[in-house]
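Numbers here are sequence positions counted from 1. First listed ligand is number 1; within each ligand, the first listed atom is number 1.
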Amino acid sequence: MRQIENFINGEFCASISGNRFEKRSPVDNTVIASIAEAGEAEVDAAVKAARSALRGEWGRLTLEQRTQMLYEVADQITRRFDDFVEAEMADTGQPHHVMTHAFIPRGAANFKVFADTVKNVANESFQMSTPDGRGALNYSTRSPKGVIAVVCPWNAPFLLMTWKVGPALACGNTVVVKPSEETPLTAALLGEVMNSVGIPKGVYNVVQGFGPNSAGEFLTRHQGVNAITFTGETRTGTAIMKAAAEGMRDVSFELGGKNAGIVFADCDFDAAVDGIFRSSFLNSGQVCLGTERVYVERPMFDKFVQALKAKVEAVKFGRPQDHGVTYGPLISQEHRKKVLSYYQRAKDEGATVVTGGGVPDLPAPLSEGAWVEPTIWTGLPDDASVIKEEIFGPCCHVRPFDTEDEVVNLANDTEYGLSTTIWTQDLARAHRVAGRVEVGVAWVNSWFLRDLRTPFGGAGQSGIGREGGVHSLEFYTETRNVCVKL
Ligand SMILES: NC(=O)c1ccc[n+]([C@@H]2O[C@H](COP(=O)([O-])OP(=O)(O)OC[C@H]3O[C@@H](n4cnc5c(N)ncnc54)[C@H](O)[C@@H]3O)[C@@H](O)[C@H]2O)c1
Ligand SMILES: N/C(=C/C=C/C=O)C(=O)O
């Protein structure tokens with residue numbers, strides 16, 4: 001069984017309290033790791049190590065030296081690609097193909113793109129006239145914000161953690177990472193990479209543990225933290241924002257969603273079916289950008305539902321490393337209970353269960369894992385709980401619509417505003433609808449296509465701020481304007 005420790009000041013260490021917790025495999029519920037639970041002492045040591053690194057060698061590096069080290073981190077991640085794939089499969093139970101093609105490649109990319117960004121971004125300057133006619137020159141400079149707390153979710157742990165650590169380090173900050181208690185492995189592995197590259201001690205720290213009254217809360221409340229970047233549930237964001245208020249720390253939040261898929265009758269049918277299938281069932285539906293509400297133009301509704309059903313019923317359950325497996329379990333028994341409660345609520349609210357709706361009949365030991373059937377519903381009213389609330393599972397509700405105005409109003413009838421995926425071959429309509437759905441990210445004839453230079457984030461209850469490209473620099477640096485009288 002793996003022993004996973006905290007990573008503080010370049011060293012792996014247990015917690016003074018001796019507290020540890022178990023990680024169970026989502027595949028078959030066997031215990032696969034024992035993890036040190038960081039207490040206030042470990043969190044304080046990590047924040048202090050991060051502060052001291054800012055003032056030490058890391059803070060003295062030139063931009064060229066710092067970015068060169070981050071390119072080497074990306075190279076090391078690529079060299080140890082299989083180790084990261086294996087660790088994330090162990091943590092999440094998701095199929096090998098999902099790891100190798102969707103999530104793990106983003107680890108190296110998240111370091112490379114921000115090393116490129118900080119090297120190529122221009123700072124602004126303005127010349128101004130003055131009463132004496134000699135004028136003045138204004139120019140801005142950027143400096144690191146300081147110690148950044150990075151609090152991460154379990155659904156794409158390595159992608160989402162490096163999506164924050166990459167820009168934070170590229171901008172010269174230091175970080176203390178709190179991975180989800182469900183997925184501790186890849187954050188620990190990245191500590192090995194940081195040491196092998198020679199990243200100065202204290203630049204990258206990891207405190208393992210839970211949220212409330214554990215490492216997460218101790219970190220976000222720590223007054224040595226200058227800013228908090230968080231990805232997780234909206235209600236957790238509320239708790240973290242309250243902690244951030246003490247000491248007036250800046251926050252960047254990527255939160256929940258209840259995203260709409262909009263399919264017009266003129267779409268490329270096969271592409272739309274495949275796109276909605278991926279957006280609803282990739283990673284067993286545990287993707288914040290995933291689609292849980294599907295709206296299909298009425299003339300195509302029945303044909304679309306049957307085609308989506310066929311794809312869902314063709315998934316292959318199994319262990320992540322087994323050849324041909326395309327579908328994995330949910331992250332935990334607790335999350336499985338939550339998703340199954342929505343499966344029951346859908347039935348209680350009168351849904352037609354097109355496929356799924358329960359637990360698959362799998363042989364031991366998989367029968368002990370956190371498995372649920374991928375599920376499609378139709379026939380629910382627009383105010384049903386599975387239409388309004390984020391489930392974060394392998395399920396979607398499909399509803400017909402008749403007009404563009406109707407479907408835009410349906411898509412916007414949510415407190416969230418993260419993303420949407422629109423399928424049509426009418427270009428004018430594609431741009432029009434993409435501009436009317438109130439989200440942070442709109443995909444047209446595509447889904448989860450990511451250019452890391454673009455602004456990424458959610459509106460409404462789906463987040464605060466944007467990260468990506470130069471937008472990350474706004475959060476991870478302090479900008480200073482210098483005005484020089486000429
Ligand atoms: N918008 C995005 O880009 C995005 C991406 C991925 C996931 N998500 C969202 O994340 C959620 C799933 O992830 P999750 O279940 O891990 O979320 P979660 O909010 O339960 O936990 C996220 C992290 O916060 C920590 N935490 C919990 N309570 C805390 C507290 N009071 N103080 C400090 N830390 C605390 C947890 O230990 C974990 O590390 C879904 O809602 C999903 O939509 C959003
Ligand atoms: N922040 C991002 C979200 C990914 C979500 C995957 O579950 C990304 O793609 O950068």
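Set against the non-hydrogen atoms of Cys288, the atoms of ligand 2 under 4.0 Å away are 5 (C), 7 (O). Near Gly216, with a cut-off below 4.0 Å to any heavy atom, the atoms of ligand 1 are 32 (N), 33 (C), 34 (N). Here is the list of ligand 2 atoms found below 4.0 Å of a heavy atom in Arg450: 8 (C), 9 (O), 10 (O). Each of the following atoms of ligand 2 lies closer than 4.0 Å to a heavy atom of Leu160: 1 (N), 2 (C), 3 (C), 4 (C).
Some N or O of Lys178 is nearer than 3.5 Å to an N or O of ligand 1, by distance alone. Polar contact check, Asn155 against ligand 1: no nitrogen or oxygen pair lies under 3.5 Å apart. Residue contacts with ligand 1: Thr236 is placed with a nitrogen or oxygen under 3.5 Å of a nitrogen or oxygen of the ligand (distance criterion only). The shortest N or O to N or O distance between Val151 and ligand 1 is not under 3.5 Å. Polar contact check, Arg106 against ligand 2: a nitrogen or oxygen pair lies under 3.5 Å apart.
Under 4.0 angstrom from ligand 2, there are no non-hydrogen atoms of Glu467. For Glu390, every heavy-atom contact with ligand 1 shorter than 4.0 Å involves the side chain, none the backbone. Contacts with ligand 1 closer than 4.0 Å are made by no heavy atom of Ser214, backbone or side chain. Neither the backbone nor the side chain of Leu219 has any atom closer than 4.0 Å to an atom of ligand 1 (non-hydrogen atoms only). Residue contacts with ligand 1 for Phe230 involve side-chain atoms from C-beta outward but no N, CA, C or O (heavy atoms, distance under 4.0 Å). Proximity of Leu160 to ligand 1, defined as any heavy-atom pair under 4.0 Å, is confined to the side chain (atoms from C-beta onward). With a 4.0 Å cut-off on non-hydrogen atoms, Asn155 touches ligand 2 through its side chain and not its backbone. Residue contacts with ligand 1, taken as heavy atom pairs separated by less than 4.0 Å, involve Leu418 solely via side-chain atoms from C-beta onward.
Between Asp44 and Lys48 there is a salt bridge, since a side-chain N of the basic residue sits under 4.0 Å from a carboxylate O of the acidic one. The residues Lys145 and Asp250 are annotated as salt-bridged, a charged nitrogen and a carboxylate oxygen being separated by less than 4.0 angstrom. Glu181 has a carboxylate O that lies under 4.0 Å from a charged side-chain N of Lys178, or vice versa, which qualifies the two as a salt bridge. By the 4.0 Å N-to-carboxylate-O rule, Glu389 lies close enough to Arg345 to be salt-bridged with it. For Asp28 and Arg319, the salt-bridge test passes: some basic side-chain N is under 4.0 Å from an acidic carboxylate O. By the 4.0 Å N-to-carboxylate-O rule, Glu292 lies close enough to Lys258 to be salt-bridged with it.
Not a single heavy atom of Phe253 sits less than 4.0 Å from an atom of ligand 1. Ligand 2 lies out of reach of Phe103, whose nearest heavy atom is not under 4.0 Å from it. At least one heavy atom of Cys152 sits closer than 4.0 Å to an atom of ligand 1. Not a single heavy atom of Gly458 sits less than 4.0 Å from an atom of ligand 1. For the pair Pro179 and ligand 1, a heavy-atom separation below 4.0 Å is found.
For the side chain to side chain contact (heavy atoms under 4.5 Å, CB included) criterion with Phe277, the lone passing option out of Ile376, Val315, Leu282 is Val315. Tested against Trp163 for a ring-ring contact (aromatic ring centres under 6.0 Å, His included), the candidates Phe158, Phe114, Phe111 yield a single pass: Phe114.
Here the side chain of His397 pairs no donor or acceptor atom with the backbone of Tyr295 at under 3.5 angstrom.
When the options His335, Glu467, Glu254 are ranked by their closest heavy atom to atom 3 (O) of ligand 1, first place goes to Glu254. For atom 44 (C) of ligand 1, the choice among Leu159, Leu255, Thr238 with the nearest heavy atom turns out to be Leu255. Comparing Cys288, Gly457, Ala239, Ala149 against atom 8 (N) of ligand 1, the shortest heavy-atom distance belongs to Cys288.
In terms of protein heavy-atom proximity, atom 13 (O) of ligand 1 is nearest to Pro153 CB, 3.3 Å. Shortest contact from atom 9 (C) of ligand 1 to any protein heavy atom: Gly232 O, 3.4 Å. Distance from atom 16 (O) of ligand 1 to its nearest protein heavy atom, with residue and atom name: Trp154 CD1, 3.0 Å.
Taking the side chain as every heavy atom from C-beta outward, Arg24 and Glu182 never approach each other to under 4.5 Å. Looking at Trp371 and Pro26, their side chains never come closer than 4.5 Å, going by heavy atoms from C-beta outward.
The cationic atom of Arg399 (NZ for Lys, CZ for Arg) does not lie both less than 6.0 Å from the six-membered ring centre of Trp377 and within 45° of the ring axis.
Taking a distance limit of 4.0 Å, we find that atom 39 (O) of ligand 1 is approached by some protein heavy atom.
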